[in-house]
There are 2 protein chains.
Amino acid sequence: MGITKVDGFTPEVTQMAEILKALGHPARLAIMEYLINSPDCINGDLVDHLPLAQSTVSRHLSELKKVGLIKGTITGNCISYCINDDVWDKIKVFFNTSSDQITPGKSCAC
Amino acid sequence: MGITKVDGFTPEVTQMAEILKALGHPARLAIMEYLINSPDCINGDLVDHLPLAQSTVSRHLSELKKVGLIKGTITGNCISYCINDDVWDKIKVFFNTSSDQITPGKSCAC
DNA sequence: TTCCCATATCGCAATATTACGATATTAAAA
DNA sequence: TTTTAATATCGTAATATTGCGATATGGGAA
């Protein structure tokens, strides 16, 4: 098949899975790190930092944008992409609150 | 193609991407939440909580195990799967340290 | 306007993923 | 030993993903 079942899962789980799936690729994760660490939002030389063709990088950028991880556009002299803090924080919250709920000492003895 | 390029990325990025990719599926994310919230490690009734066939759930479990997100096995009377805290914490650290490096007020004006 | 540069989109081919039923496996129970 | 219950694996078909070259697009420069 290749099609991912969505029925039966909560919208929260489905949405978070989409975000994490977008991050689950070396190129896209590297793009996020690059955007985080770069002093400004310009991504003009992003292609030079990745071992991928320009068209492929553009495709990955559009996927990151699709799930809301990055925002911005290339319109004329305003060339910029940057992190969407809202979504990034959402991920942080997800993992932090989840971890708190792990019962201490629950590690299985197998 | 469908094949993911690995050459040119740091091992850290590649490994974290694999972990996040494993989490980037509603079923697998739901499994993790279930394991976190369940009082014990037993996952016998996991299939009842997911809208998927038993064989599909088993496959997802094996993928979570492949990247180290869960550990444990079904061996005789010791039926258990549980979270691998090491890997889970690794994810937490990854996002927390990354977020700290975001330059404040860097949001692009486009 | 025409040219140039950077980014986006398209089309394709190769591979990966997903899901399910059927079957195999494994260990406990009868 | 045979049966039973639970999980794992196999085989499959359908769809998704990935990457690249070619091309389109859009704005500034000449």
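Reminder, nothing fancy here: chain letters follow the sequence lines and each chain counts from 1. Model, not experiment: these values are computed from the prediction.
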Of the nucleotides dC20(D), dA8(C), dA8(D), which has the atom closest to the Ala53(A) side chain?
-> dC20(D)
From dA19(C), dT18(D), dA8(C), pick the nucleotide closest to the side chain of Leu61(A)?
-> dA8(C)
Against the side chain of Lys21(A), the closest entry in dT9(D), dC20(D), dA16(D) is dA16(D)
Send over the distance from Leu46(B) CG to dT7(D) C1', rounded to a whole Å.
-> 12 Å
Out of dG21(D), dG11(D), dT7(D), which has the shortest distance to the side chain of Ser58(B)?
-> dT7(D)
Nearest of dT7(C), dA22(C), dT18(C) to any side-chain atom of Glu63(B)?
-> dT18(C)
Find the distance Leu52(B):CG to dT17(C):P and express it as a whole number of Å.
-> 17 Å
Would you say Lys5(A)'s side chain and Pro51(B)'s backbone share a donor-acceptor pair under 3.5 angstrom?
-> yes
Could you work out which one of dC20(D), dC20(C), dG19(D) sits closest to the side chain of Arg59(B)?
-> dC20(C)
Rounded distance (Å) that lies between atom P of dA16(D) and atom NE2 of His25(A) | 17 Å
Between CD1 of Ile31(B) and P of dT7(D) the distance, given in whole Å, is 12 Å
Of all heavy-atom pairs linking Ala22(A) and Arg28(A), the shortest is O-NE, 2.5 Å
Which whole-number value in Å describes the distance from Leu50(A) CG to dC20(D) P?
-> 11 Å
Under 4.0 Å between a side-chain N/O of His60(B) and OP1 or OP2 of dA19(C), yes or no?
-> yes
According to a strict under-4.0 Å criterion, is Tyr81(B) in side-chain N/O contact with OP1 or OP2 of dA6(D)?
-> no
Using side-chain contact (heavy atoms from CB on, under 4.5 Å) as the criterion, list what pairs up with Thr10(A), not counting sequence neighbours.
-> Glu12(A), Val13(A)
Where the side chain of Asn84(A) meets the backbone of Gly68(A), is there a donor-acceptor pair that is under 3.5 Å apart?
-> yes
Of dT15(D), dG19(D), dG21(C), the nucleotide closest to the side chain of Thr4(B) is dG19(D)
Take the protein atom CD of Gln54(A) and the nucleotide atom P of dT23(D), then report the distance between them rounded to whole Å.
-> 15 Å
Integer-rounded Å distance: dA16(D) C1' and Lys5(A) NZ | 17 Å
Just compare dT7(C), dG19(D), dC20(C) and give me whichever is closest to any side-chain atom of Thr56(A).
-> dG19(D)
Parallel, tilted or perpendicular: which fits the ring planes of His49(A) and Tyr34(A), with parallel below 30° and perpendicular above 60°?
-> tilted
Proximal nucleotide (of dG19(D), dT18(C), dT18(D)) relative to the Arg28(A) side chain = dT18(D)
Atom pair distance, as rounded to whole Å: CG in Leu64(B) and P in dT18(C) | 11 Å
